[in-house]
Protein chains: 2
Amino acid sequence: MAVKRESAAKAAVDVQAINRALGDPRRFEILQHIAAGQCVGCSALRTEFPITAATMSHHLKELEAVGLVDLTRNGKFVDVTFRRMTWQRYLAELKKL
Amino acid sequence: MAVKRESAAKAAVDVQAINRALGDPRRFEILQHIAAGQCVGCSALRTEFPITAATMSHHLKELEAVGLVDLTRNGKFVDVTFRRMTWQRYLAELKKL
DNA sequence: TTCATACTTCGATAACCATCTAATTGATGT
DNA sequence: ACATCAATTAGATGGTTATCGAAGTATGAA
C-alpha cells in the first residue's frame with residue numbers, strides 16, 4: 001500500500017536547495033524566461049542571455065536538480081519546461097515562515 | 001499630489017536582492033528563527049547558531065539591507081523584528097512567475 | 001572614570017561557484 | 001562513413017562572500 005506512493009504525490013521540495021539555486025541572479029532570470037513561455041529550447045534561451053552553451057547547460061542542470069524544470073531530449077535539442085507544481089510547493093513552504 | 005507617496009506605501013521589494021540574501025542557508029535559518037518569535041535579541045539568536053558575533057552581525061545587516069528585518073538598538077542590545085510586509089510583497093512577486 | 005558587556009568594523013583566509021575554453025558525446029543529414 | 005550541429009563534460013580561473021579573530025565603539029553599571 002503506502003510507502004511506494006511518492007512519485008507524483010508529494011516529493012517534498014527542498015526549500016534550501018531552491019533558495020540556493022535562485023540565489024544566482026542569472027539563474028532566476030533564466031527561470032523567469034522559461035516560466036513565461038510554454039516550453040523553450042536551450043538554443044532559444046541562449047539567444048536571450050550572453051552566456052556560453054556550457055554555462056547555460058550548467059544552469060539548466062541546477063534548475064532541474066531542484067525540480068524547477070524538466071529537461072527532455074528532443075533529437076539534437078533539449079526542451080525545457082517549467083514545473084509549476086514544484087514552484088507552488090515552494091511558495092507554500094515560504095508562506096509558512 | 002502623487003510622487004512623494006512612497007514611504008509606507010509601496011517601496012517595491014528587490015526580488016533579486018532577497019533571492020541572493022536567502023541563498024545562504026544559514027541566513028535563511030536565522031530568518032526562520034526571527035520570524036517564528038515576536039522580537040528577538042541578537043544574543044538570544046547567537047545561542048541558537050554556532051557562529052561568532054561578527055558573523056551574526058554580518059547576516060543581520062544583510063537581512064536588514066533587503067528589508068526583511070528591522071534592527072533597533074535597545075541600550076546595549078539590538079532587537080530584531082521580522083518585516084512581514086516585505087515578506088508578503090516578496091511572495092507576491094514570486095507568485096507572478 | 002573604569003570595567004564589563006553587546007555589538008560592529010576591519011583585515012585576512014578559505015571555500016564556493018559562475019564562467020570560460022576545449023574536448024566529448026550524440027543525433028541528423030549527405 | 002563523414003561532417004555538422006546541439007548539448008554536455010572536464011578542467012581552469014576569477015570573483016564573491018561566509019567566516020573568523022582582533023580591534024574598535026557604545027552603553028550601562030560600579
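What's counted below: heavy atoms across the whole structure, side chains too, no hydrogens, waters or symmetry copies. Below, chains carry the letters A, B, ... as their sequence lines are ordered, and counting in each starts from 1.
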In whole angstroms, how far is the [atom2] atom of [N] from the [atom1] atom of [X]?
X	N	atom1	atom2	result
B:Phe49	D:dT19	CZ	C1'	16 Å
B:Leu60	C:dT8	CG	C1'	11 Å
B:Gln16	D:dT16	CD	P	16 Å
B:Asp24	D:dT16	CG	C1'	12 Å
A:Leu63	C:dC17	CG	C1'	15 Å
B:Met56	D:dT19	CE	C1'	13 Å
A:Arg27	C:dA18	CZ	C1'	8 Å
A:Phe28	C:dC17	CZ	P	19 Å

Please confirm whether the shortest side-chain N or O distance from [X] to OP1 or OP2 of [N] is below 4.0 Å.
X	N	value
B:Arg26	D:dA18	no
A:Arg20	C:dC17	yes
B:His59	D:dT17	no
B:Lys61	C:dT9	yes
B:Lys76	D:dT25	no
B:Thr55	D:dT19	no

(request) Taking the side chain as every heavy atom from C-beta outward, state whether B:Leu68 and B:Leu22 have any atom pair closer than 4.5 Å. (result) yes
Minimum-distance nucleotide (side-chain atoms of [X] versus [options]):
X	options	result
A:Phe77	D:dA7, D:dT19, D:dT9	D:dA7
A:Ala54	C:dA22, D:dA22, C:dC7	C:dA22
B:Ile51	C:dT8, C:dA18, D:dC20	D:dC20
B:Arg73	D:dA7, C:dT8, C:dA18	C:dT8

From [X] atom [atom1] to [Y] atom [atom2], the distance as rounded to the nearest 0.5 Å:
X	Y	atom1	atom2	result
A:Leu91	A:Thr86	CG	OG1	11.0 Å
A:Glu29	A:Asp24	CD	CG	9.0 Å
B:Thr55	B:Arg27	OG1	CZ	11.0 Å
A:Glu48	A:Met56	CD	CE	9.0 Å

(message) Judged by each residue's nearest nucleotide on DNA chain C, which is more toward the 5′ side, B:Ala53 or A:Pro50?
(response)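 Checking each residue's closest nucleotide, the 5'-ward one belongs to B:Ala53.
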(message) By nearest heavy atom, map A:Thr52 and A:Asn74 onto DNA chain C; which one lands nearer the 5' end?
(response) A:Thr52
(request) Would you indicate what B:His58 reaches in the nucleic acid, counting non-hydrogen atoms under 4.0 angstrom: base, sugar-phosphate, or nothing? (result) base
(message) In this structure, is the centre-to-centre distance between the rings of B:Phe49 and B:His59 below 6.0 Å?
(response)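 That pair fails the under 6.0 Å test.
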